[in-house]
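Down below is the structure, laid out as structure tokens.
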Amino acid sequence: QVQLVESGGGLVQPGGSLRLSCAASGNIFGISAMGWYRQAPGKQRELVAGITSGGSTNYADSVKGRFTISRDSAQNTVYLQMNSLKPEATAVYYCNFKSLRMIVTHDYWGQGTQVTVSS
């Protein structure tokens, strides 16, 4: 059974950096995209960064120029490098894999990892 395991969250001071990782514990076939979402207290979950199986990336306007999404060559792990962190980045971050099999898009979610930016 496929699971996504996240790591790398924690407490960091404003201006600091963190690198999140998300690895699939089983094989996911037909991956079309991978991404990172976050949910802050009192807010809806939002897309932070995404990358397609072809390597195209997109970012939320709030993180452009500071966050970088990447993947390994096997496409079983996705990373989020977060630089110049601001307090408003505090949230639970969830990784997401999408796969297209038959005509159905399947979503796989990590368990979430807490990122807290505070002095």
Side-chain angles (χ1 to χ4, degrees):
Q1 190 171 30
V2 172
Q3 289 184 313
L4 302 184
V5 181
E6 301 181 29
S7 62
L11 175 65
V12 65
Q13 295 184 22
S17 297
L18 284 174
R19 190 186 192 216
L20 306 183
S21 299
C22 176
S25 64
N27 292 325
I28 301 178
F29 298 98
I31 293 174
S32 60
M34 294 160 280
W36 290 93
Y37 293 73
R38 68 185 178 191
Q39 188 165 23
K43 295 186 177 181
Q44 295 184 347
R45 185 175 298 188
E46 64 174 347
L47 177 67
V48 178
I51 185 168
T52 70
S53 60
S56 298
T57 59
N58 68 92
Y59 299 90
D61 288 341
S62 60
V63 307
K64 286 181 179 177
R66 300 184 297 110
F67 288 16
T68 303
I69 188 171
S70 61
R71 66 187 183 193
D72 65 2
S73 59
Q75 299 189 29
N76 62 357
T77 306
V78 64
Y79 306 92
L80 185 67
Q81 179 67 45
M82 304 184 293
N83 298 327
S84 301
L85 282 164
K86 302 175 181 179
E88 49 263 44
T90 296
V92 178
Y93 285 71
Y94 300 89
C95 62
N96 170 262
F97 284 35
K98 295 185 183 294
S99 69
L100 179 61
R101 301 192 298 276
M102 298 184 182
I103 61 171
V104 178
T105 297
H106 300 264
D107 279 287
Y108 301 86
W109 292 93
Q111 81 280 8
T113 185
Q114 177 71 46
V115 172
T116 302
V117 184
S118 176
S119 60

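Because only heavy atoms are used, hydrogens play no part in the values below, and waters and symmetry mates are left out as well, while side chains stay in.
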Point-to-point distance, once rounded to the nearest 0.5 Å, from [atom1] of [X] to [atom2] of [Y]:
X: Y79; Y: L20; atom1: OH; atom2: CG; value: 12.0 Å
X: S17; Y: M82; atom1: OG; atom2: CE; value: 8.5 Å
X: H106; Y: F97; atom1: NE2; atom2: CZ; value: 15.5 Å
X: R101; Y: I103; atom1: CZ; atom2: CD1; value: 13.0 Å
X: M34; Y: I28; atom1: CE; atom2: CD1; value: 9.5 Å
X: L47; Y: N58; atom1: CG; atom2: CG; value: 5.5 Å

Check: [X] side chain, [Y] main-chain N or O, donor-acceptor pair, under 3.5 Å:
X: R66; Y: S84; answer: yes
X: E6; Y: T113; answer: yes
X: R71; Y: S53; answer: yes

Side-chain contact, heavy-atom cut-off 4.5 Å: [X] with [Y]?
X: K98; Y: T52; answer: no
X: F29; Y: S99; answer: no
X: D61; Y: Y59; answer: no
X: V78; Y: I69; answer: yes
X: L18; Y: L85; answer: yes

Exercise. Side chains of Q114 and T116: donor-acceptor distance under 3.5 Å anywhere?
Worked result: yes
message = Is it the case that atom CD in Q44 sees more than 12 heavy atoms from other parts of the structure closer than 6.0 Å?
response =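 No, the 6.0 Å shell around CD holds no more than 12 heavy atoms from other groups.
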Just checking Q3: does its CD atom have more than 12 heavy atoms from other residues, nucleotides or ligands closer to it than 6.0 angstrom?
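It does not: Q3 CD has 12 such atoms or fewer within range.
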(request) Write down the atom of L4, the atom of Y108, and the distance for their closest heavy-atom approach. (result)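 Looking at all heavy atoms of both residues, the shortest contact is CD1-O, 3.3 Å.
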If every non-hydrogen atom of G9 is compared with every non-hydrogen atom of V115, which pair is closest and at what distance?
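Taking G9 first and V115 second, the nearest heavy atoms are CA-CG2, 4.2 Å.
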**Request:** Check whether V92 and V117 end up in the same hydrophobic cluster, where Ile, Leu, Val, Met, Phe, Trp and Tyr are linked by side-chain heavy atoms less than 4.5 Å apart.
**Result:**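 V92 and V117: separate clusters.
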Practice item. Assess whether ring-ring contact (aromatic ring centres under 6.0 Å, His included) is satisfied between W109 and Y37, documenting all intermediate values. Key: CA-CA 10 Å; W109 292 93; Y37 293 73; 5.1 Å; yes
side-chain contact (heavy atoms from CB on, under 4.5 Å) between N83 and F67, worked out
CA-CA 6 Å; N83 298 327; F67 288 16; 6.0 Å; no
- request: Decide side-chain contact (heavy atoms from CB on, under 4.5 Å) for L80 and R38; before the verdict, give the C-alpha distance in whole Å, the side-chain angles of both, and the deciding distance to 0.1 Å.
  value: CA-CA 12 Å; L80 185 67; R38 68 185 178 191; over 6 Å; no
